[in-house]
Structures are given as C-alpha cells and as structure tokens.
Amino acid sequence: VVPADAPAGTYVLVVVSNRLPVDYEEAEDGSVNWRTSPGGLVTALEPLMRSSHGAWVGWPGVADRDFEPFENDGISLVPVRLNEADIEDYYEGFSNDTLWPLYHDVIAPPSFHRETWEAYIAVNRRFAAAAAAVAAPGATVWVHDYQLQLVPRMLREARPDLVIGFFNHIPFPPYGIFAQLPWRKQILHGLLGADVIGFQRLADAGNFSQAVRRLYGYPTRGVVIDVPIGETDQGGQNGESRRVIAKHFPISIDSAGYEELARRPDIQARARQIREDLGNPKTLMLGVDRLDYTKGIGHRIKAFGELLADGRLSVEDVTLVQVASPSRERVSTYMALRDEIELAVGRLNGDFSTISHTAISYHHHSYPREEMVAMYLAADVMLVTALRDGMNLVAKEYVAARFDFDGVLVLSEFAGAADELKQAILINPHDIDGTKDAIVRAVEMPKRERTRRMRSLRRKVAENDVAAWSDSFLRALTGGAAVPAGISDD
Ligand code: F6P
C-alpha cells in the first residue's frame, strides 16, 4: 500500500462504483492485503485509469474501517467508509432487496422500506462527496450501477463543472414495473443529473426514456432527452434545458485476455484433467453463476432432471458441472435460494447418480480466472438460463475461451448477451420443454455446425470487447475524446 501522491481535486477521470477494484483482506496474523477483484470493469478501465491520471472511488468491502486514499497498481483508490448499518440498509436492503428484484422483472418480490431508502440517499451522498473532493476542475466522472443512481444529480449540484456519465450494469425495467417504486421520480431525477446514461440493451434505454416521459413529461428524441434546468441545477436559468443522452452500450470482456489464458498449455492440461476427474463423460455441460435467483439455476436443474428421467440423456454420458459462487449471503431471498438449489441438486443426484457417475457436480465457490477458463475449455455445452440478466459476461467468456471453435452455447433470450450472440441456441428458460429440446440439440450438434456457430459468436465478442465498450461510452460522454481532458496539475 503506497500513499497516493496526488493531492485531492486533481484527477481528470474519476470512476465511482459501489466496490473498489480491490477487496481488503486481513489475515489472522494481522497482515493486510488488497486483493484485486477479478471483475471485468477493472480490466476494462485499468489502462485508461493509469494513462489519464484516474481515481477510483468505492467501498473496500469491509465494514467500519477508514482508509486514506492510496495507490494500487498505478491506480489511485479512494475508499468510502460503510458501517454495519449502511451495509444492512443501503447495500443489502435498498440496493439488493428493493432495486435488484425490481429491476429484474420482480422475479422475487421487492421490499419497499422508507428507512432503507433514507440510507440509500445518505450513502449516495457520501460517494458523491468523495468523488467531488477528488475531481479536477472540468473532470469526467463515470458513475456505475444501480447502487449509486442518485450520485449523478448530487455531483452536478456540488460540481456543475464536471462531465458526468452513468452506466447501469443491470436491466432497466419496463414502466409498469418501475412505477411500483415509491421513490421512482427521485431515482429518475438522480440519474438525469448525468450527461450520458448508458444501458446494456436498447430495450433498457427505451424503458428509461419511457419512464422519463411518463413521470416528468420531458421530450425525448431518439437517444436525446431535453431536461429542463431547474433551480437545483446551479448555473442554469429556468426555461433552458440540458441535453442528456440515454443510449445502450453493451458491456463486454477482455476477450483477448481470455483467449490468451485458453491457449496456455497448463490451462489446457487442467481442462483435460477436469474431464478425466469427472470420469471422461461423453458430454460435459457447464453452468457458472453467482448464486442468484435471476440466473434460472433451478430451471436448468429441472430441465436436466427431466431429460435424465425421460432417458433422453444418461448419467453415464452426460455430467453437469454447476459453479454457484456465493453472493449476498445475508439477504433472506438469497438464503432461501441456496436451500432450494441445494435441495434440488441433492435430490437429482440421489435419484440419478451412480457410484461412478455424478449427475451434477455442484460447487458453492468462486474460482480464479485460470480455473474458469479451464472449465470453459472442458465444457462441450455451456448453459446460461437466466430469467433476467443485464448482460451475462459468462456467455461472452465462454465464447472468448473457445479459440478451438468448438463448444455450444445455450443462451437465455432474457440475458442482454442474447441481443448480440444470435448464433447461440436461444431459449426461453420458462419453457422447460423448449429448454430440454435445446439441451439435446446442443449435445447432439454436429461438429460442422458447432464450428460455424462458434466462429460467428467469436467474431461478435472480439469486435466489441471491453476496451471498445469503455471507449464508445467515453466518446459519447466527452464528445469524441476516448481519454478525458481536464485541467490537471500534470
Ligand atoms: O452488475 C451487478 C453487480 O451488482 C455489480 O455491481 C457487482 O459488481 C456484481 O453484480 C456483484 O455483486 P455484489 O457487489 O453485490 O457482490
């Protein structure tokens, strides 16, 4: 940990997200480590952050601890303190028990609590203040995700000189669902403080614009929304309006990085070892998800179980590896989901596994990227059966890893990735019979067809990698420049 050399207020690019790109870890002997989180956003923004004197504002993943800003791997990090109550009310409560289910088609019922809304406002204010304190005059500030939707407006009020972008990593719901939120107008007002509001899918941007028209009556023309400048917008006069762009910028992955890993001989050897350890099944199917009710893990298990029961697949030939990484474990819906999934896995294995063949190899862990790539290489069929998903980067990671032009992707049409990855076998996971047919088709797909489809999928993922994504967002935000200009002391 090196103290940041730059004094506050000098950063020309500031990224704000709920989590910092590193997690704080304290070992039992008291030694401290900052573990780089494997998230795609870090990879995407790292080079840009280094070259343009950037700062990253976020929570270090531990409660009740104050940290001074510090530098990690060439990026200045500005930790925001969250205490236990903030984590309960702002993170687990309003973000993950209200907004998350609401924005994912109310798959689980959202809770609406006035106390957690108050905590959301207070914590958003803290993030906005931290960003405002480090941003140089005229700097570009890029705010990320549903946890921080009020930050753009708060920043604009504090620092009208800033260029403010917001990117929503999760879906934006249709008006009929969004309208349930008691604080729907405040959320829109918060977002409209940004100059550019980015979404994953065209449909998300459309839903947002519709909500703005319905709730505020502001005119929208294509991607442009004219937002009247009111009393809360410093520097403006009534009657004038600001131009806000609401547009889709589908996020991606570091596809070359994934391919590079997949080409490594040690990772290929690991892929072979995985198959061998599983008894060399004819077909290995893979699911990789955060253990979240939006991912349709139960639907996938049901379809697989019925295929085994029908005799259309046999446990001698097919194994499903399911990685379910632990997530939001103190939120009750997630606790219930874990019980439900583990019961289903246990039942299915009890009914169908033999001494030598396990039907579902289930893992409640997260793994390093190298191990994930080995699994992708080992898997003949990748199952992405999300009931609703902003993008689903696992689908893109699988494609990027398959430099051998093999493997079949079964992809839910309710994942944002389906807008781009049309050569996958697209499914409606609610349609269990349709999903079963798609799985059988994937298992039986001839090599020529697998290669043709994977070639086209790989072209898509390589064309729009994560660098292209951040580049196009920042160009929209800064009016053409991929690297933000500001007034810095460099
Ligand atoms: O994109 C959705 C998201 O909530 C991200 O903001 C986050 O990095 C990821 O999923 C994991 O969630 P969490 O930070 O709640 O563990």
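By convention here, the first residue in the shown sequence is residue 1. In each ligand, atom 1 is the first atom listed, and ligand 1 is the first ligand listed.
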Participant: Quick one: do R201 and E413 make a salt bridge, cutoff under 4.0 Å?
Facilitator: no
Participant: Verify ring pair (Phe, Tyr, Trp, His ring centres under 6.0 Å) between F208 and F199, making sure each step is shown before the conclusion.
Facilitator: CA-CA 9 Å; F208 174 77; F199 297 93; 5.3 Å; yes
Participant: Quick one: does atom 6 (O) of ligand 1 have a protein heavy atom under 4.0 Å from it?
Facilitator: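 Within 4.0 Å: yes, protein heavy atom nearby.
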Participant: Could you tell me whether E370 and R270 make a salt bridge, using a distance below 4.0 angstrom between a side-chain N and a carboxylate O?
Facilitator: no
Participant: Under a 3.5 Å cutoff, is there a donor and acceptor pairing between the side chains of Y103 and R388?
Facilitator: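 The answer is no; no qualifying pair exists.
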Participant: Only heavy atoms of D145, strictly under 4.0 Å: list the atoms of ligand 1 that pass.
Facilitator: 1 (O), 2 (C), 3 (C), 5 (C), 6 (O)
Participant: Which ligand 1 atoms are under 4.0 Å away from a heavy-atom of Y146?
Facilitator: 4 (O)
Participant: Suppose we measure from atom 15 (O) of ligand 1 to each protein heavy atom; which comes out shortest, and what is that distance?
Facilitator: Y91 OH, 2.5 Å
Participant: Does this structure show an ion pair linking K295 with D292, if we count only N-O contacts that are shorter than 4.0 Å?
Facilitator: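 Between D292 and K295 there is no salt bridge, as every charged N stays at least 4.0 Å from the carboxylate O atoms.
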Participant: Give a yes or no on whether atom 3 (C) of ligand 1 lies under 4.0 Å from any heavy atom of the protein.
Facilitator: yes
Participant: Are the side chains of D195 and R242 in touch, meaning some heavy atoms are under 4.5 Å apart?
Facilitator: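 D195 reaches R242 side chain to side chain.
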Participant: To which of H144, R328, H169, Q200 does the heavy atom nearest atom 10 (O) of ligand 1 belong?
Facilitator: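 Answer by nearest heavy atom: R328.
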Participant: Can you sort out which atoms of ligand 1 are near R19, meaning under 4.0 Å from one of its heavy atoms?
Facilitator: 13 (P), 14 (O), 16 (O)
Participant: Of all the heavy atoms in Q147, does at least one lie under 4.0 Å from an atom in ligand 1?
Facilitator: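 Contact present.
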